[in-house]
Every structure is written in structure tokens, then in C-alpha cells.
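Here is the structure we will look at.
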Amino acid sequence: MEIAPQYNPKECEKRIYAAWESSGSFSPREGKPGTEPYCIMMPPPNVTGALHLGHAINNTLQDIQIRYHRMLGCKTLWQPGTDHAGIATQAVVEKNIFEKEGKTRHDLGREELVKRIWQWKEQYGGRILRQLRAMGCSCDWDNLRFTLDPVCAKAVRTTFLSMFKAGLIYRGKRLVNWDVKLQTSVSDDEVVYETVKSNLWHLKYQVEGSEEYLEVATTRPETFFGDTAVAVHPEDERYKHLIGKNVILPLVNRAIPIIGDALLVDREFGTGCVKVTPAHDPNDYLCGKRNKLAEINILNPDGTLNEVAGQFAGMDRLKARPLIVKALEESGCLLKTEPYTTQVGHSDRSKTPIEPYLSDQWFVVMADMAEAAMAAVKSGKIQFHPPRFAKSYLDWLSEKRDWPISRQLWWGHRIPIWYVKGVDEDALKSCFGNCDEIAWRRDEDHDQWLLCSSIENFKPEEKLLGADVRQEEDVLDTWFSSALWPHSTLGWPDKNERFETFYPNNVLITNRDIISLWVARMVMTAHFNTHSVPFHNVMIHVTILDGMGKRMSKSKGNGVDPEDIIDQYGADALRFSMTQMSSDTQDMRVPVQYRCPHCATLFPQNEKNMKAETLSCPSCKKTMATRWAAEETQKKEGLAFLTSAKFEIGRNFGNKIWNASRFAMQNLDDKTPLLSLKELKSALEQGNFEPLNADEEWILTRLDETVREVTASIEEYRYHEYANKMYDFMWNEFCDWFLEAIKPVLRSEGKKKASTQAVLACVLQTALRLLHPMMPFETEEIWSNLLKITGGESSLLINAEWPSPSGGWCDARRLAMVMRKYELISLGRSMRSAFNIGPGQKASFILKPESAEMQSFLEGERETLMRFLTAGELTVDKDMVPSGAMPCQVTSDVAIYLKLDGSVDIAAEKAKVEKQQKEIAAYIQTLEKKLGNESFTAHAPQEVIEKEKAKLAEAKDKLQKLSELSAMLSKA
RNA sequence: GGGCGUUUAGCUCAGUUGGUUAGAGCGCUACCCUUACAAGGUAGAAGUCACUGGUUCGAGUCCAGUAACGCCCACCA
């Protein structure tokens with residue numbers, strides 16, 4: 001069978017993924033006896049978004065757990081899905097429609113806009129699913145969920161109704177973060193603060209009936225139309241006497257009171273006087289509540305000033321600002337203007353400045369649910385990995401601020417509330433009285449009923465004839481449906497087998513930035529709906545940063561498409577590199593480069609070129625488009641894609657595995673059994689094979705340890721350890737030593753050959769199983785080749801059993817001798833190099849072991865030693881006495897001499913030996929000092945003392961040999 | 001302002017309950033296309049473990065403080 005000398009991911013990835021899918025391997029299947037079901041919910045990405053490397057690491061780590069548990073034999077479910085992402089999606093579609101057709105959502109109307117967004121979803125919603133498949137994610141695609149689909153919608157309505165019945169849902173006027181562009185409120189979490197250079201305007205408010213005036217400062221002068229008081233500190237001697245009097249607002253000549261408020265006013269700041277605008281500032285709002293002040297709204301929903309602003313009514317508040325300042329100045333009420341740098345909240349979605357705005361909103365009462373969610377973590381029912389992330393979760397929940405859930409959008413779950421006027425309660429009772437799915441409550445303030453129902457397409461107006469019935473226009477915050485994800489996707493509230501099997505989920509794997517937005521809310525709703533935790537573990541992984549240390553994100557422009565990496569390096573390379581990066585301490589910097597489509601030159605992405613539409617290649621000077629290019633014509637020049645050298649390690653490792661396997665398979669045949677570690681062990685015990693040689697004992701022992709360590713690493717979410725252990729085992733132990741060591745046996749035709757083939761096949765197939773969760777495509781490809789060559793029945797590695805160690809291959813003494821052999825080879829090679837003996841040139845070595853046991857071991861290993869050392873001659877002589885000066889290296893129980901034809905520079909050799917002597921003498925000194933210290937021997941554990949003693953003995957042996965060598969060189 | 005984290009080789013990062021003569025990959029130097037692999041092999045150079053103090057027989061590892069950087073939360077008119 002011909003196997004290519006390089007692994008080609010493109011050739012096999014699609015084919016293998018199709019094979020997995022068509023075999024039904026992604027669907028949960030009956031678990032083996034003694035195993036528990038295992039389930040992970042994929043954090044649902046925004047349906048119209050594109051995944052970047054942050055998602056790639058997230059999904060790689062999930063897939064590793066899923067594949068590992070599948071191999072353990074668990075009934076395994078990875079639930080995939082996407083999120084409708086209310087604001088983000090609607091904003092994108094609205095913008096697109098406006099650009100193409102010049103129409104706003106109000107021109108289109110609700111029904112049409114929602115229809116358009118669904119179309120958009122159908123058109124672009126496939127991209128992330130493609131990306132996930134390209135990455136090799138083994139999710140249960142047959143049960144793909146979407147937060148707006150009927151299953152999730154039912155869960156949303158049911159939850160809302162239960163909360164309504166429990167009195168946890170209320171409607172109230174609140175100051176919300178108003179996005180004037182999208183004309184919706186956004187939650188605190190969706191507001192980002194940006195530093196803005198502005199002014200601080202000092203205004204003069206004349207005290208009524210007095211010559212005195214108060215000086216107040218503001219960054220938003222237009223809000224003075226909404227002022228309903230001026231606050232001073234009640235203990236402030238400067239102003240105490242004015243409390244209770246009024247000041248006259250300039251231009252509008254409205255009198256407002258001077259009040260004392262110790263909470264709002266910081267005496268040290270500015271003038272110590274604060275204008276109070278309850279309807280447009282969060283702190284002022286609270287102050288207004290405390291002092292029962294009027295709330296005057298100055299804005300229209302679109303951000304223009306309303307009639308309160310008199311001559312400025314109808315103007316955008318930002319455009320009106322300079323005019324208002326001018327008017328104030330002309331009226332003599334502007335005292336001064338000073339430059340001021342301030343933090344202004346911006347909408348994360350539309351990037352426009354947020355206006356605090358008073359409006360009617362729906363809220364969920366958090367107190368009890370937050371308490372329960374905190375208890376779930378405090379009691380250990382939910383564990384964070386690493387544990388420190390529990391703190392940010394608990395801190396956020398402890399604030400227990402009510403959750404504003406209404407959004408003035410059209411894309412989302414419409415709030416299942418109907419306002420009913422003109423009927424009495426008897427009418428409601430007679431229409432809906434015996435229905436569990438309907439509840440109502442009186443809203444005295446508006447002389448109406450609030451009717452809530454979980455019934456799909458509920459049409460109360462059809463029953464309540466003659467009444468004034470109107471459904472709430474607002475939709476629910478996206479996080480409301482995401483919060484239900486762990487149970488809604490499993491079909492809750494309907495009783496079903498899937499829910500019973502997989503709920504609670506085992507682990508949630510996510511990034512830390514949504515611990516409060518999402519994780520906390522899932523725990524709360526899970527408790528409310530199911531009286532259970534949604535999952536037992538929360539694994540928080542590293543954040544991917546760009547080369548400048550900034551978080552990778554789509555909007556920043558530094559996001560790298562996983563498919564770009566896969567295109568260049570392959571999915572397994574991406575996955576391996578991601579896994580290896582995934583330690584739990586540091587975030588991972590991934591320096592990003594552009595790749596020129598014309599000449600393949602790589603050049604770094606930086607602040608300057610990050611958002612450029614086109615770039616010119618620093619090498620060939622040709623133009624290329626970036627993915628920011630607005631015009632398709634620009635892209636015809638060629639599209640630069642983003643890449644990062646970080647993934648070369650994965651590709652190189654993949655190629656190494658490929659070639660090691662290729663070599664192995666070239667040396668196996670259809671008589672070679674594919675045994676597990678335990679099967680091999682028992683076959684050996686039954687005498688079915690020749691006894692193991694030292695290298696075989698060593699590699700099997702190492703493999704056993706690797707199985708143990710790697711299993712623990714995955715179980716405990718130490719992914720980078722998993723990657724590194726596999727890397728070391730495959731590259732440094734399996735390839736560099738073992739494969740080299742067994743080459744002669746494989747080329748021979750002796751009795752031993754079949755045994756060595758069996759060992760090789762066992763090690764290879766075990767390693768493939770261990771690697772599979774991390775590098776599924778390549779291992780699957782090699783697996784199928786391996787089965788063909790050894791004549792095994794065809795099967796998929798994805799469903800193979802996870803290895804378990806066997807143990808008892810050889811004792812520690814034997815292992816130490818093998819390691820000594822490798823050490824001697826390294827030392828010998830070092831000498832070759834030091835004396836400029838070329839790679840092809842044969843050299844002569846003499847080994848001088850201390851013991852007869854070592855002598856006989858090394859005799860037995862003569863062939864390997866000679867080959868690894870490219871030796872033409874090798875003597876093992878316990879009683880050897882060096883004839884004249886010879887280069888030498890020592891270990892504690894064997895010395896290795898290099899025989900040279902020409903003369904040796906005795907002085908140079910002596911200097912080398914003396915340098916080593918010095919080093920080792922210093923080392924011995926520190927060890928002796930340590931061991932001679934009574935406190936050490938008294939305090940340190942016995943184990944450590946023994947280890948130090950062994951080190952000392954070994955160092956002394958080594959020094960002894962160096963001294964002999966030195967003495968000999970002096971005589972020469 | 002509050003919280004969390006980071007600082008180890010030129011770069012990106014490991015370093016498990018303190019027991020290290022401090023590791024890896026990339027990059028660098030020298031030699032090698034040797035019949036699995038040049039996406040490779042062999043040998044090598046390279047670090048005052050941010051700084052200061054403390055605890056300890058012993059500190060990269062624990063404690064306190066300082067500095068720089070990053071993230072989250074809150075936000076002063």
C-alpha cells in the first residue's frame with residue numbers, strides 16, 4: 001500500500017467527517033454497562049455570525065471531552081445549536097436593508113422585517129455550522145436547536161408564565177440604557193464605556209429672589225431642561241442656608257428647589273452643587289426617588305429633544321448641544337467651559353452613545369433565584385474549573401439587581417403579555433378560568449388587566465369580545481432564552497427520555513466573559529424550572545488574544561476564521577495547537593499575519609492595517625483585499641487571509657505522527673495482531689511471542705504511564721498537559737528512540753520479528769486512540785490504513801475503546817539501564833560533534849561499565865549502540881585502562897571513551913574535564929550542605945532525603961570517574 | 001475606585017502539594033537530503049525566574065509591599 005510521505009488533511013477531512021456522520025457516531029448510543037450518560041451543551045453562537053479562533057478553542061475542548069467519553073463507552077450527547085442574538089442580528093439586517101433600499105424597519109413593518117431576518121438567517125446561518133464541521137466537531141446534528149425554534153419557544157413561554165404566576169415578573173418605569181439608533185433599551189452588560197474628549201460646562205442658576213447664584217457643572221448641558229432640583233451636601237456650610245429655596249432655570253425660567261442630599265453630592269468635587277435630572281441620569285434618578293422629585297423626560301425615542309426643550313424641540317440632542325450652549329452663553333448663564341475627558345457609555349451593538357431614558361420595562365425579580373444560584377456553587381453542586389472563577393460569579397449574583405428583560409425589538413420571543421381593558425375579572429374568569437396556561441393580574445395604574453399565557457398563538461381577543469386587547473410589542477432579552485438552554489434544548493417542559501437521560505449536563509465549557517451574562521442566569525432558571533443545577537461543572541478556558549494582546553473578536557477586526565487555518569494547516573493542526581495553548585493561567589497570544597494571495601508573503605497584522613479594506617504586499621507590491629472590503633470588485637484582486645505561525649507546531653506534529661505511522665505500516669503485515677496493552681501482556685505470558693527486548697519493555701512502560709497521565713489530564717481539564725504528554729511520547733520516545741531502536745529487528749527475518757511487529761502495532765494503535773479526541777481526522781485516516789494492512793475488520797476509531805494501562809513490563813532497575821543506554825548514546829554523539837567527526841564517518845568507542853551486570857547489558861545492546869553512535873568499532877570492557885589521552889564522558893556507572901586516530905590536544909581535554917569536575921564538585925557541595933544540615937534531615941520528608949542522597953551518590957560516582965580521568969590525562 | 005489575573009530564554013508559553021544543576025516549541029549557530037519524516041535528524045548557544053523585603057533547612061513555587069501590563073465590574077456631576 002502506498003502512503004504519501006506527507007499528511008494531506010485536505011484529501012481526507014471531508015471524507016472522514018462524512019463517514020462519521022453516516023455511521024451515526026454523533027448520535028447518543030446506549031452506554032456500556034457501568035457507564036453514566038455524558039452531555040455537554042454547546043454555547044450557542046450567534047446564528048448569523050462567524051466563528052473565530054476563540055470559538056475554535058471552545059469547541060475543540062468540548063469535542064475532546066465528547067470524543068473521550070464516547071470512547072469510554074458512555075451514552076454521549078453534544079447538543080449543538082445557535083442563538084438568535086436579538087439586537088446583534090436585527091441591527092445587522094436593518095443596516096443592510098437601509099444601505100440597499102434606504103428603508104427603515106418602520107417603513108417595512110414588523111411582519112416584513114421579521115420575515116427578512118428569517119431569510120437572512122437561512123442564507124447566512126449555515127456558515128458557523130460549516131465551520132464547526134470543518135473543525136471536526138462531533139455534535140448531534142440531528143437535534144440541532146435554535147433559540148427561536150418551537151421547542152425553545154415553548155420553554156420560553158412556559159418559564160415566563162411560571163414566573164408571572166410566581167410574582168417574579170413586573171412592569172415598571174425605570175431608567176434604562178437607551179440606544180437611540182436601534183431605539184431599544186440595552187442591558188448594562190451591553191454598554192461599553194469609551195473615553196471621550198468633551199467639555200465640562202459650568203452653568204449659573206440664579207437663586208429665586210436673591211442676588212446669590214449656584215454654579216453647577218455638566219457634561220450634557222441639554223439635560224438642564226429636565227432638571228427638577230439642585231442638590232448640595234446638607235452639611236456644606238457654603239450652601240446650607242439655601243436648602244429649601246428655589247433656583248430659576250435659565251432660558252425656561254422654571255423654579256426648582258435646592259435640596260440637601262448627602263448621597264449624591266461629594267462636597268470636594270467641583271463646586272459642590274449638582275443639577276438633578278432624574279429622568280436622564282441613574283444617580284439623579286435615585287436622588288429623585290429619595291426626594292420625591294418630578295421626572296421630566298426631554299427626549300423622543302429617536303434621540304431628538306421633545307417639546308420640553310422649547311425652540312430646540314425636534315433637534316437631535318447632540319446637534320442641539322452647541323446651540324444650547326450658545327443660547328446659555330448669550331443669556332449670561334454660562335460661567336465657563338473647560339476641556340474635560342470623560343467616559344461615555346456606548347451601545348455595544350450600534351456604537352452610539354447611550355442615553356439614560358425613562359421608560360416602561362419588564363423586569364424579573366432576582367432576589368430568591370440569585371440566592372439559589374449562589375447556593376449551588378457555594379455548596380459545591382456546581383464546580384468551577386479553575387475555582388477562582390466562582391468569585392466573579394458570586395460577586396455578580398450577590399448584587400441581586402432585577403433583570404430588565406424587555407427589548408424594543410421585533411426579532412425575538414415576543415413577551416406573552418396582553419393588555420386588556422374594558423372587562424371585569426368575571427369576564428376573564430369565565431373565558432380562561434380553568435386553564436393552567438393562562439394567568440392575569442390587575443394593573444391599577446393603567447386601569448387594565450395584564451394577561452399572560454404560554455399558549456402558542458394565543459388570541460384572547462377572539463374570546464374577550466368587545467374588550468380592548470393589545471399584545472405587548474416588546475420581545476424578551478436574548479439571554480432569557482439562552483438562560484434556558486441546558487433544559488430547553490432537551491425538550492423541557494415536556495417529559496421525555498432525552499431530558500431524563502442528559503439532565504443535568506455534565507460540564508459547561510465556555511469563556512469567562514459570559515459568566516455573569518449567561519452562566520449565572522442558566523443556574524437561576526434551572527433552579528426555578530427544574531429545581532436542579534443545569535450542570536455539575538463549569539470549565540472556563542483561556543481567551544485568545546491577538547499579537548497586540550487584545551481579545552480576539554469579530555468586531556475588533558482581529559478575528560481569525562478557523563477555516564483559514566484549516567485551509568492552510570488542517571483541522572487537526574488547529575485542534576492540537578489550540579489544545580496545547582489551553583493552560584488555565586495565561587490568556588494566549590496569537591500573533592496574526594496576513595498572507596499575500598499573489599506571492600504568499602506573510603506580514604504581521606497591526607493596529608494600522610487591522611481594518612483596512614485593501615493592502616499592498618510589502619514584497620510584491622500588488623494589491624489585495626481584506627475581508628473588510630465593501631466592494632466585490634476589490635476582492636477580485638485577490639483576498640488576503642489571516643494566518644498565524646502558531647499552528648505550525650500542530651501541522652509539524654501531525655506530519656510526524658503520519659510518518660511514524662507510515663514507517664510502522666511499512667513494517668507490519670496481515671499476520672500482525674492488533675493487540676491492546678492487556679492483550680499483549682497476556683499473550684506474552686502465554687508464550688505466544690518471543691520475550692521483550694529492553695527497548696520494548698521501556699516503550700511499553702512509558703506508554704502505560706502515558707495512558708494513565710493523559711486520562712487524568714482530560715478528566716481534570718488540563719488540556720495542555722494532554723497535548724504535551726502526547727507530543728513528548730510520540731516524538732521524543734516513540735519516534736526518536738523506539739522506532740530507531742527496532743529497525744534492525746524489523747529488517748531481519750528472525751523469530752523475534754513477529755514479536756516486535758506485535759509490540760509496534762500495539763503501541764501505535766494505543767497511541768492513535770489516545771490522540772483521537774484531539775486529532776480525530778488524521779488518527780481516523782491512519783486507523784483505517786492500519787486495519788487494512790493488518791487485515792483487521794474495518795471499523796471507525798471514533799467508536800473504539802479508550803485504552804487502559806496494563807503494568808508490569810519491567811522493573812525499575814531494568815528501566816534505568818535502558819535510560820543509561822540512551823544517555824551514553826547522547827554523550828557519545830556529543831563527543832563526535834566536539835571532535836568534528838562528520839555524520840557519515842565511523843568512530844570507535846570504548847565503554848567502561850562498573851558492574852558485571854551493566855557489562856552484560858551493554859554487550860547485549862552492542863548493535864543498537866553502534867548504530868546510534870555510527871560506530872565502526874565498540875568495545876565494552878569493564879577492566880579497560882585507557883592508553884594515553886582519550887576524550888571521555890562519564891555517567892555514574894559507565895564511562896564512554898572516544899578513540900581518535902590523530903593526536904589529542906591533552907590540555908584541551910584536561911580543561912574540559914576540569915570544568916566538569918568543578919561543576920560537579922559545586923553540586924556535591926550544595927547537596928552535602930543540605931544533607932549535613934540537621935534541620936533538613938529533621939524536617940524534610942524521608943522520600944526527599946532519599947532522593948537527595950541518591951543524587952549525591954551519583955554525583956560522587958561521576959566525580960570519581962572525572963578525577964581518574966584527570967589524573968590519567970596528567971600522566972599522558 | 002473594587003475584583004481577578006499576568007510578569008520565567010530574542011518570541012509564545014510550561015513548570016502539579018515548596019525539594020531544579022529551571023524546561024518546551026519557534027527563532028538562532030554548526031553539520032547532515034542517512035532507504036518514515038527537510039513540516040526532518042544530530043549537536044549546541046541562550047534565563048539575576050519583574051523588583052524589594054519576609055517565612056523556611058531550602059523559594060520560580062508561600063506571604064507582604066512596589067512597578068508594569070491585561071481583563072471584569074462600578075462610575076463623579
Side-chain angles (χ1 to χ4, degrees), chain A residues 3 5-7 188-189 193 200 216-220 231 264-266 268-277 281-284 340 342-343 345 388-389 391-392 395-396 399 512-513 515-516 543 545 547 549-551 569 573 577 580-581 583 585-591 645-646 648-649 651-667 716 718 720-721 724 727-728 732 735-736 739-740 743 747 826 829-834 836-840 868 870 919-920 922-923 926-927 929-941 943-945 947-948 951 955:
Chain A
I3 297 171
Q6 283 194 346
Y7 171 54
D188 290 347
D189 312 298
Y193 286 86
L200 195 57
V216 295
T218 179
T219 53
R220 293 181 298 157
L264 182 67
V265 183
D266 172 3
E268 310 301 317
F269 189 91
T271 59
C273 303
V274 185
K275 62 192 274 302
V276 185
T277 324
D281 181 277
N283 290 308
D284 293 4
Y340 192 70
T342 182
Q343 298 283 97
R388 69 186 134 90
F389 289 109
K391 187 167 165 47
S392 44
D395 285 352
W396 186 82
E399 293 185 24
R512 63 168 176 272
D513 57 352
I515 289 175
S516 49
T543 301
L545 311 175
K550 298 273 179 266
R551 193 166 93 86
Y569 297 113
S577 304
Q580 204 212 18
M581 286 179 200
S583 71
T585 48
Q586 302 209 64
D587 287 338
M588 176 57 58
R589 269 180 202 234
V590 180
K646 275 272 165 190
E648 280 173 14
I649 185 171
R651 178 200 56 184
N652 294 355
F653 183 44
N655 200 47
K656 191 73 181 177
I657 295 169
W658 181 258
N659 276 291
S661 309
R662 177 174 181 246
F663 168 77
M665 289 188 281
Q666 285 166 348
N667 288 284
E716 289 153 36
R718 294 193 305 264
H720 69 290
E721 206 177 273
N724 286 328
Y727 187 91
D728 284 343
N732 303 330
C735 292
D736 288 353
L739 289 186
E740 292 305 324
K743 276 179 180 174
R747 283 183 200 131
S826 287
R829 282 169 168 174
S830 243
M831 282 193 285
R832 288 180 58 101
S833 176
N836 291 319
I837 300 171
F868 274 87
T870 324
E919 282 167 6
I920 200 123
Y923 182 45
T926 63
L927 287 172
K929 199 174 149 199
K930 191 186 265 190
L931 284 161
N933 188 328
E934 277 176 30
S935 308
F936 173 71
T937 44
H939 290 94
E943 209 182 283
V944 172
I945 296 173
K947 233 166 109 183
E948 296 298 304
K951 278 193 219 163

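Note that this is a predicted model, so its numbers are computed, not measured. So you know, we letter chains A, B, ... as the sequences are listed, proteins then strands, and number each from 1.
The partner of G1(B) is C73(B), by the rule that a Watson-Crick or G-U pair needs both atom distances under 3.5 Å. Taking a pair to require two hydrogen-bonding distances under 3.5 Å in either a Watson-Crick or a G-U wobble arrangement, G40(B) pairs with C32(B). Remark: G53(B) base-pairs with C63(B); criterion is Watson-Crick or G-U wobble with both hydrogen-bond distances under 3.5 Å. A 3.5 Å limit on both hydrogen-bonding distances identifies no Watson-Crick or G-U partner for A9(B). Under the Watson-Crick or G-U wobble criterion, with both distances below 3.5 Å, G18(B) is left unpaired in every strand shown.
No engagement by Leu545(A) is indicated, since no non-hydrogen atom pair under 4.0 Å with the nucleic acid exists. Within the nucleic acid shown, Tyr727(A) comes within 4.0 Å of sugar-phosphate atoms alone, with no base atom in reach, counting heavy atoms only. Residue Lys929(A) is out of contact with every strand shown, counting any heavy-atom pair closer than 4.0 Å. Within the 4.0 angstrom heavy-atom criterion, base atoms lie near Arg651(A). Contact annotation for Met665(A): no contact, since no heavy-atom pair falls under 4.0 Å across all strands. The residue Ala217(A) sits close only to the backbone: its heavy atoms come under 4.0 Å of sugar-phosphate atoms, none of a base. Across all strands, Pro941(A) comes closer than 4.0 Å to base atoms (heavy-atom distances).
Minimum atom distance to the side chain of Cys735(A) is reached by A36(B), of the listed A39(B), A36(B), U21(B). Side chain of Asn659(A), nearest nucleotide from A36(B), C13(B), C4(B): A36(B). With C37(B), A36(B), U20(B) as the choices, the nucleotide that has an atom nearest any side-chain atom of Ala660(A) turns out to be A36(B). The side chain of Val944(A) lies closest to G19(B) when the candidates are C4(B), G19(B), U12(B). Looking at the side chain of Met588(A), the nearest of the listed nucleotides U12(B), G3(B), A43(B) is U12(B). Side-chain proximity of Lys656(A) to G41(B), A77(B), C31(B): nearest is G41(B). Picking from A39(B), A77(B), U12(B) the nucleotide with the shortest atom distance to the side chain of Asn655(A) gives A39(B). Here the nucleotide nearest the side chain of Asn933(A), chosen from A43(B), A36(B), C57(B), is C57(B). The Ser935(A) side chain lies nearest to C57(B) when the options are A77(B), G19(B), C57(B). Side-chain proximity of Arg747(A) to U42(B), G19(B), A36(B): nearest is A36(B).
One finds no side-chain N or O of Ser833(A) lying less than 4.0 angstrom from the OP1 or OP2 phosphate oxygen of U42(B). For G44(B), one of the phosphate oxygens OP1 or OP2 lies less than 4.0 angstrom from a side-chain nitrogen or oxygen of Ser830(A). Contact check, Asn836(A) against A30(B): no side-chain N or O comes under 4.0 Å of OP1 or OP2. Taking only side-chain nitrogens and oxygens, Asn283(A) comes nearer than 4.0 Å to OP1 or OP2 of C76(B). A sub-4.0 Å separation between OP1 or OP2 of U20(B) and a side-chain N or O of Lys947(A) is present.
Taking atom C1' on both A22(B) and G5(B), the two are 23 Å apart, rounded to the nearest angstrom. Using P as the reference atom, A64(B) and U6(B) are 14 Å apart when rounded to the nearest Å. When the C1' atom is compared between U8(B) and G23(B), the two are found 10 Å apart, to the nearest whole Å. Distance noted for atom P between C11(B) and U48(B): 13 Å (whole Å). Spacing of P atoms, A45(B) relative to G25(B), comes out at 15 Å, to the nearest Å. Separating the P atom of G70(B) from that of G27(B) is a span of 29 Å, rounded to the nearest Å. Rounded to the nearest Å, the gap between the P atom of G1(B) and that of U66(B) is 13 Å. For the P atoms, the distance linking G60(B) with G18(B) amounts to 13 Å, nearest Å.
Atoms CG (Asp587(A)) and P (C71(B)) sit 9 Å apart, rounded to a whole Å. Nucleotide G23(B) holds its P atom 14 Å from the CG atom of Asn732(A), rounded to whole Å. Distance Lys743(A) NZ to G41(B) C1': 10 Å, rounded to the nearest Å. Atom-to-atom, CZ of Arg512(A) to C1' of C71(B) comes out at 5 Å; the value is rounded to the nearest Å. Rounded to whole angstrom, the span from the CZ atom of Phe936(A) across to the P atom of A59(B) amounts to 12 Å. Note: CG (Leu739(A)) to P (A36(B)) measures 10 Å, nearest angstrom. The CD1 atom of Ile515(A) sits 9 Å away from the C1' atom of C72(B) (whole-angstrom rounding). The distance between atom CZ of Arg832(A) and atom C1' of C31(B), rounded to the nearest whole Å, is 11 Å.
Taking each heavy atom of Val265(A) and Gly272(A) in turn, the nearest pair found is CG1-O, 3.3 Å. The minimum heavy-atom distance between Glu948(A) and Leu927(A), with the atom names listed, is OE1-CD2, 3.2 Å. Taking both residues in full, the closest heavy atoms of Leu931(A) and Thr937(A) are given as O-CG2, 3.5 Å, listed atom of the first, atom of the second, then distance.
Place Asn652(A) and Pro5(A) on RNA chain B by their nearest nucleotides, and Pro5(A) ends up nearer the 5' end. Residue-to-nucleotide proximity on RNA chain B shows that, of Ala664(A) and Gly272(A), the 5′-proximal contact is made by Ala664(A).
Stacking of Lys656(A) on the aromatic ring of Tyr727(A) is not recorded, the 6.0 Å distance cut-off and the 45° axial limit not both being met.
Of the possible polar contacts, none joining the Asn655(A) side chain to the Arg651(A) backbone as a donor-acceptor pair under 3.5 Å is found. Between the Arg829(A) side chain and the Thr870(A) main chain, no donor and acceptor come within less than 3.5 Å of each other. A donor-acceptor contact shorter than 3.5 Å links the side chain of Arg832(A) to the backbone of Gly838(A). Judged by distance alone, with hydrogens and angles left aside, the side-chain atoms of Asp281(A) form no donor-acceptor pair with the main-chain N or O of Val276(A) at under 3.5 Å.
With a 6.0 Å radius and a threshold of 12 heavy atoms from other residues, nucleotides or ligands, Lys947(A) has its NZ atom at or below the threshold.
With centres under 5.5 Å and a plane angle under 30°, the ring of His939(A) is stacked against the base of C57(B).
Checked by distance alone, Glu740(A) brings a side-chain donor or acceptor within 3.5 Å of a matching partner on the base of A36(B). In this model, no side-chain donor or acceptor of Glu648(A) finds a partner on the base of A39(B) within 3.5 Å.
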Exercise for the section: Might you work through the side chain to side chain contact (heavy atoms under 4.5 Å, CB included) test for Phe936(A) and Val944(A), ending with a clear yes or no? Expected result: CA-CA 10 Å; Phe936(A) 173 71; Val944(A) 172; 4.2 Å; yes
